[in-house]
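Have a look at the structure below, then the notes.
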Amino acid sequence: MTDKQNIKFDSKCVHAGIGDYEFGPVVPPIYQTSTFKFKSTAHGAALFKGEEEGYIYSRMGNPTVEAMENAIAELEGGHKALGCASGMAAISTTLFSLLSAGDHVICTKASYGPTTTLINNLLAKYNIESTLVNSADVEEVKKAVKANTKVIYIETPGNPTLELTDLKAVAEIAKKASAELVVDNTFMSPALQQPIKLGADVSLHSMTKFLNGHADLVAGVIVVKDEDTYIKFRKTLNQLGGVIDPFNAFLVHRGLKTLAIRMEKHSYNSIIIANYLENHPKVKSVTYPGLESHPQYSLAEKQHSGPGGMISFELKGGFSSGENAMNNVKFCQLAVSLGGVETLVQHPASMTHLSMGKEKRESAGITEGLVRLSVGIENHEDIINDLEQALEKA
Ligand code: LCS
């Protein structure tokens, strides 16, 4: 029998988190229940005191959810994982677990709009100060460190600029500052980037994207590297209440089985499409970690095990040209979100990053004509044929 610890990543995707269950099913059963019966008051008391293992109430733990959490912790190379109701629930649970009034957080400018808004506006209400930095420049991160810095929050590649942050270098800065490095790994997934192995303390995801991969649910996950952090985060998640439900956990776990093969196909298609776009007369610039023209190509080569499925490009004709192209796609779909099997296209300035405001968008490098493509796993020729006819009208 192969040692399960030593199997390859694509095999782990298929087998991780799967245990032995009554009647021998090969997939974890869906324990669609809110609560669990105690054998007696003494049994209930022992569970509440943590003296016995078992389940009490599905906000506090559920076997189907736990199976999925174990799978993701294994794929990320972490200690344990916490399934959340959304990516934003994973982010807010993490920040509320790690920060107190009077603390300071450094956050990359290249992050999902609502994350920046949460850090700048909601945390400020609780007297937690923040500094936004261009984390592609490691010196800028270093300079932002203060005596009360407790968290360095990085998203790499950033949404939607696809700017990269050197995780090993920032992990060093965090360590020296006794701060926690939190990384949003949504764009890459553990198939292509493993932040904890690069020195991060926490890796989190919107599982709505590549981890689930089928655009049919909203969910998030936090991966931590030790038991103390896990216990602290579990308490916060239990109190804030943003847990994933068993059915969605089952679907994510099912999606994980094809993660490695999906990421390969996303990357395969994207490199062809990025090259096509780079040579298109109406395209001003293309940003994709798999292109040698990416300003941080050598970091991408070092930090990733594949280039991924996200491409950003700017049309020469600016906003209206972008609008025309997007209004004419037929095969690709005009929608926010990303990481599913189907190709989606969107305009960050009027959609995902609208809440940031124009000034903050500009400072984060999100131009008004930027278009973001989440490349699906369809045949690349169908995607290119559709882009070709849409770009003719741009
Ligand atoms: N982190 C990243 C990198 C994201 O792209 C998103 C959502 C989130 C966190 C939040 O996750 P959620 O709560 O939606 O599961 N990104 C979206 C996007 O780019 N378009 O629509 C949602």
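Whatever order the structure lists ligands and atoms in, that order sets their numbers, starting from 1.
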Is the H266 to F210 ring centre distance short of 6.0 Å? yes
Residues E172, K175: salt bridge by 4.0 Å N-O rule: no
Salt bridge present between R361 and E368 (N-O < 4.0 angstrom): yes
Does CD in E51 sit with more than 12 non-hydrogen atoms of other residues, nucleotides or ligands closer than 6.0 Å? yes
Could you check ligand 1 for N or O atoms lying under 3.5 Å from protein N or O atoms and list the pairs with distances?
residue  : atom   : partner : partner atom : Å
ligand 1 : 1 (N)  : D184    : OD2          : 2.6
ligand 1 : 5 (O)  : N159    : ND2          : 3.0
ligand 1 : 11 (O) : S206    : OG           : 3.1
ligand 1 : 13 (O) : G87     : N            : 3.0
ligand 1 : 13 (O) : M88     : N            : 2.9
ligand 1 : 15 (O) : G87     : N            : 2.9
ligand 1 : 15 (O) : S206    : OG           : 2.8
ligand 1 : 15 (O) : T208    : OG1          : 2.7
ligand 1 : 16 (N) : K209    : NZ           : 3.4
ligand 1 : 19 (O) : N159    : ND2          : 3.1
ligand 1 : 19 (O) : R372    : NH1          : 2.7
ligand 1 : 19 (O) : R372    : NH2          : 3.1
ligand 1 : 20 (N) : S337    : N            : 2.8
ligand 1 : 21 (O) : S337    : N            : 3.0

Kindly check if the number of other-residue, nucleotide or ligand heavy atoms within 6.0 Å of CD1 (I261) is above 12? no
Around atom NZ of K235, are there more than 12 heavy atoms from other residues, nucleotides or ligands closer than 6.0 Å? no
